[in-house]
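This report concerns only the one structure given below.
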Amino acid sequence: MKQYIVLFFLLISRPLEANVWGFYAHQLINRMAVFSLPAEMIGFYKHNIQYITENAVNPDRRRYAVKDEAARHYIDAEAYGDSSLYKLPRYWNEALKEYPADTLNEYGIVPWHVNRIRHRLTDAMQVMDASAILRLSADLGHYIADANVPLHTTANYNGQLTNQHGIHGLWESRLTELFAKEYNFFVGKATYLDDPQLEIWSAVIRAHECLDAVFGIEKELTEKFDPDKKYSFESRGNQTIKVYSYSFSEAYHTALQGMVEQQMVQSVKMVADFWYTCWVNAGQPGLDKLIDFEFSKEELDLRKKELEDWKNKKYKSRPHDIGDDAE
Ligand SMILES: [Zn+2]
């Protein structure tokens with residue numbers, strides 16, 4: 001298994017897109033989840049593993065173009081008061097009875113959105129729509145992974161309220177880029193989830209509970225570190241960018257005691273479990289029949305355009321944008 005893991009890492013460690021760090025973990029999570037699928041599913045997913053991997057980041061790219069997209073990636077737990085994650089309505093329709101849609105969208109809707117995409121994926125499997133199955137599988141993997149990131153569950157998402165600006169990119173991008181190749185992604189076979197909606201809320205709660213350590217340890221280390229040693233400069237293509245130094249990143253990663261690995265591995269398992277659960281709920285359709293499917297030119301053009309728009313930074317960044325803010 002170890003060799004496979006190293007191989008997968010090598011396959012996707014090439015710089016897929018310049019200056020994009022946060023994307024690496026999403027791509028690795030979607031890719032690794034494929035290998036937990038049962039025999040009846042793995043053929044189709046493996047055949048399309050490149051799509052599932054590369055498009056793990058579509059939702060982040062869409063944030064620049066689609067008005068409602070940003071809210072789907074996070075939830076600001078504090079906005080709803082103490083222990084809100086234990087009390088918030090688990091289903092969107094119930095949530096709408098307690099809060100206006102605008103409020104929910106303002107503070108983020110990731111756990112509810114996971115459920116919405118799960119239903120859409122189940123429907124796509126039921127009607128054997130290969131294009132939709134792949135697109136929604138990639139999207140679902142993204143949102144589930146986001147729900148497992150501690151800094152996606154707080155209003156202080158980039159340490160901006162505690163003078164720890166850049167911590168989002170440090171935790172989610174820098175650490176995974178440096179250390180994920182050593183993680184053990186062997187999560188076993190996907191299992192059926194009786195109540196996927198409660199699972200995603202549990203994931204958000206677990207992620208949120210990590211936050212004391214995420215912030216506390218960074219603060220402690222910063223106090224101990226010579227300020228000149230906290231950051232360094234690296235070249236990316238023809239740019240020189242400021243990053244958290246290797247020594248600071250390594251010290252932080254060690255002090256977090258396996259937290260990043262745990263959250264990432266948990267995401268891999270959960271993504272596989274959700275895909276599998278959708279397939280079971282769709283009546284276990286024979287996905288092998290779709291194996292010769294190829295994307296239409298329109299679909300490929302659309303993906304290309306999203307990528308171009310994103311690369312050209314045609315759209316202004318919005319709150320909760322992440323990934324390039326180590327400085
Ligand atoms: Zn995201």
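Residues: numbered from 1 along the sequence shown. Indexing begins at 1, ligand by ligand and atom by atom, following the structure's order. Computed from a predicted model, the values in this text were never measured in an experiment.
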| task | Could you pull out the atom name of the N/O/S atom in His142 that is nearest the Zn ion (ligand 1)? | result | NE2
| request: Classify the angle between the aromatic ring planes of Phe179 and Tyr246 as parallel (below 30°), tilted (30 to 60°) or perpendicular (above 60°). | output: tilted
| request: Please list, chain by chain and in numerical order, all residues satisfying ring-ring contact (aromatic ring centres under 6.0 Å, His included) with Tyr80, sequence neighbours excluded. | output: Tyr99, Tyr107
| said: Would you say the Zn ion (ligand 1) has His152 as a near neighbour, meaning an N/O/S atom of that residue under 2.8 Å away? | reply: no
| said: the Zn ion (ligand 1) and His26: any N/O/S contact shorter than 2.8 Å? | reply: no
| task | Could you grab the angle centred on the Zn ion (ligand 1), going from OD1 in Asp60 to OD2 in Asp146, to 10°? | result | 170°
| message | Please determine whether a side-chain nitrogen of the Lys or Arg among Lys219 and Glu223 lies less than 4.0 Å from a carboxylate oxygen of the Asp or Glu. | response | yes
| said: Please verify the inter-ring angle class for His26 with His142; under 30° counts as parallel, over 60° as perpendicular, anything in between as tilted. | reply: parallel
| request: Output the atom name for the N/O/S atom of His73 with the smallest distance to the Zn ion (ligand 1). | output: ND1
| task | With sequence neighbours excluded, tell me which residues meet side-chain contact (heavy atoms from CB on, under 4.5 Å) with Ile42. | result | Val34, Leu37, Lys46
